[in-house]
Amino acid sequence: MKIVELLAKELQNEYQITKEFIARFPEDKTTYKPHEKSMDITMLTNHIVEIFAWPALILTTDKLDFATGDYKPTSFTSVQDLQKKLDEDYDAGENALKNATDEQLNNNWKIVAGDTVFADFTKYEAIRHALNQITHHRAQLGVFYRLLGIDLPSSYGPSADSQKFK
């Protein structure tokens with residue numbers, strides 16, 4: 001199996017898990033954050049959703065430059081809008097991986113702000129980083145949900161809320 005196929009399979013798995021988290025987004029708690037240094041739940045959830053399009057960005061560009069306004073965050077506050085954005089961004093990421101070659105993954109990709117370099121990856125490393133970011137931020141969202149009393153869906157196995165323990 002090609003590396004791009006493995007990455008696409010992993011992206012699809014993360015998409016299936018994330019759909020369950022998005023379905024539980026609390027529309028009445030859009031400004032909630034558990035700590036003053038935390039992102040609010042809307043910013044965090046939108047960020048998770050947007051990461052699904054990163055493979056497309058990574059495979060079609062050489063860098064993301066915050067200084068030039070390359071990144072424009074979204075701010076959806078309804079489950080319906082978040083699910084639609086997740087579907088669109090997943091489709092973009094999946095299509096990019098389906099049309100990519102393993103050779104493209106060796107090319108360089110950076111995250112910068114003008115002359116400041118935040119990350120310097122191969123495209124493979126950048127996509128792996130994106131997949132890790134989905135997992136990392138979705139785990140943060142799980143903590144937010146737990147603190148708000150929202151049942152957690154299963155991720156890589158059953159959650160305490162998704163099954164009854166005997």
Side-chain angles (χ1 to χ4, degrees), residues 7-61 63-99 109 111-113 118-119 121 126-166:
L7 292 170
K9 186 175 180 181
E10 189 172 351
L11 186 72
Q12 187 211 20
N13 184 56
E14 297 304 323
Y15 168 70
Q16 294 300 326
I17 296 167
T18 302
K19 285 193 322 186
E20 297 298 320
F21 276 79
I22 299 305
R24 295 165 192 215
F25 180 78
E27 294 177 349
D28 62 334
K29 304 271 191 247
T30 58
T31 61
Y32 173 79
K33 57 184 182 175
H35 188 274
E36 66 186 40
K37 293 182 180 179
S38 298
M39 286 187 261
D40 69 40
I41 198 166
T42 297
M43 183 183 295
L44 177 61
T45 307
N46 278 271
H47 181 55
I48 294 165
V49 168
E50 291 172 339
I51 296 170
F52 282 88
W54 284 14
L57 174 69
I58 292 163
L59 289 164
T60 60
T61 65
K63 69 182 178 215
L64 170 63
D65 188 346
F66 290 111
T68 61
D70 288 351
Y71 175 67
K72 305 238 186 298
T74 58
S75 185
F76 296 111
T77 58
S78 76
V79 170
Q80 182 179 353
D81 289 341
L82 284 163
Q83 287 174 329
K84 182 179 177 194
K85 178 71 170 157
L86 175 63
D87 291 345
E88 291 169 357
D89 285 2
Y90 168 71
D91 288 344
E94 179 189 42
N95 288 333
L97 287 166
K98 283 183 177 179
N99 292 309
W109 194 79
I111 301 173
V112 301
F118 297 115
F121 299 118
I127 292 169
R128 282 290 326 126
H129 180 76
L131 290 165
N132 291 341
Q133 287 291 300
I134 292 168
T135 305
H136 165 74
H137 289 302
R138 195 178 57 230
Q140 285 180 299
L141 183 60
V143 172
F144 283 36
Y145 283 5
R146 179 64 71 216
L147 292 170
L148 288 168
I150 298 168
D151 287 352
L152 298 181
S154 299
S155 288
Y156 303 111
S159 72
D161 298 319
S162 68
Q163 75 174 24
K164 301 286 185 214
F165 292 97
K166 295 182 182 190

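Between Thr61 and Leu57 the shortest heavy-atom distance is OG1-O, 2.6 Å. For Gly93 against Leu11, the heavy-atom pair with the smallest separation is C-CD2, 3.7 Å. Shortest non-hydrogen contact noted between Tyr71 and Pro73 is OH-CB, 3.4 Å. What you find for Ser154 and Ser159 is that their closest heavy atoms are OG-N, 3.7 Å. When all heavy atoms are compared, the tightest approach of Ala56 to Ala92 is CB-O, 3.6 Å. Looking at every heavy atom in both residues, Thr68 comes nearest to Asp65 through OG1-O, 3.1 Å.
To the nearest 0.5 angstrom, Ile51 atom CD1 is 10.0 Å from Arg138 atom CZ. Note that CZ of Arg24 and CG of Leu141 are 11.0 Å apart. Values are rounded to the nearest 0.5 Å. Between atom CG of residue Asn132 and atom NE2 of residue His137 there is a gap of 10.5 Å, rounded to the nearest 0.5 Å. Between the NE2 atom of His129 and the CD1 atom of Ile111 there is a distance of 5.5 Å, given to the nearest 0.5 Å. Annotation: the span from Thr77 atom OG1 to Asp28 atom CG amounts to 11.5 Å, rounded to 0.5 Å. Rounding to the nearest 0.5 Å gives a distance of 14.0 Å between NZ of Lys9 and CG of Leu97.
Side-chain contact between Arg146 and Asp161 is present, with heavy atoms from C-beta onward closer than 4.5 Å. At a threshold of 4.5 Å between non-hydrogen side-chain atoms, the residues Pro153 and Ile17 do not count as touching. Counting heavy atoms from C-beta outward, Pro26 and Ile41 have side chains that approach closer than 4.5 Å. Looking at heavy atoms from C-beta onward, Thr30 lies out of side-chain contact with Asp40 at the 4.5 angstrom threshold.
Ser78 is linked by a side chain to side chain donor-acceptor pair (under 3.5 Å) to Asp81, counting only residues two or more places apart in sequence or in another chain. Looking at residues two or more places apart in sequence or on another chain, you find a salt bridge (Lys or Arg N to Asp or Glu O under 4.0 Å) between Lys85 and Asp89.
Around CE of Met43, the count of heavy atoms belonging to other residues, nucleotides or ligands within 6.0 Å does not exceed 12. For Lys33, the NZ atom is densely surrounded, since the number of other residues' heavy atoms within 6.0 Å is greater than 12. Annotation: Gln80, atom CD; neighbour count of heavy atoms from other residues, nucleotides and ligands within 6.0 Å does not exceed 12.
Using a distance-only test at 3.5 Å, with no hydrogens or angles considered, no donor-acceptor pair links the side chain of Ser162 to the main chain of Pro158. Side-chain atoms of Asp70 never come within 3.5 Å of backbone atoms of Leu64 as a donor-acceptor pair (strictly under, hydrogens ignored). The main-chain N or O of Ile22 is never found under 3.5 Å from a side-chain atom of Gln83 such that the two would form a donor-acceptor pair.
The stretch residues 9-44 participates, sequence neighbours left out, in these ring-ring contact (aromatic ring centres under 6.0 Å, His included) pairs: Tyr15-Tyr90, Tyr32-Phe144.
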Inset, instruction - Take Thr135 and Leu131 through the side chain to side chain contact (heavy atoms under 4.5 Å, CB included) test and state the conclusion after the steps. - result: CA-CA 7 Å; Thr135 305; Leu131 290 165; 5.9 Å; no
Inset, instruction - Please step through side chain to side chain contact (heavy atoms under 4.5 Å, CB included) for the pair Ile127 and Leu59, ending with a clear verdict. - result: CA-CA 9 Å; Ile127 292 169; Leu59 289 164; 4.1 Å; yes
Inset, instruction - For side-chain hydrogen bond (donor to acceptor under 3.5 Å, both in side chains), just list the numbers for Gln133 and His136, CA-CA rounded to whole Å, side-chain angles, deciding distance to a tenth of an Å, and then say yes or no. - result: CA-CA 5 Å; Gln133 287 291 300; His136 165 74; 5.4 Å; no
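Ring-plane geometry between Phe121 and Trp109 is classed as parallel, the angle between the planes falling under 30 degrees on a 0 to 90 degree scale with a further cut at 60. Note on ring orientation: taking the six-membered ring where Trp is involved, the planes of Phe66 and Phe118 are perpendicular (angle over 60°, cut-offs 30° and 60°).
Inspection of the His47 and Glu50 side chains reveals no N or O donor paired with an N or O acceptor under 3.5 Å.
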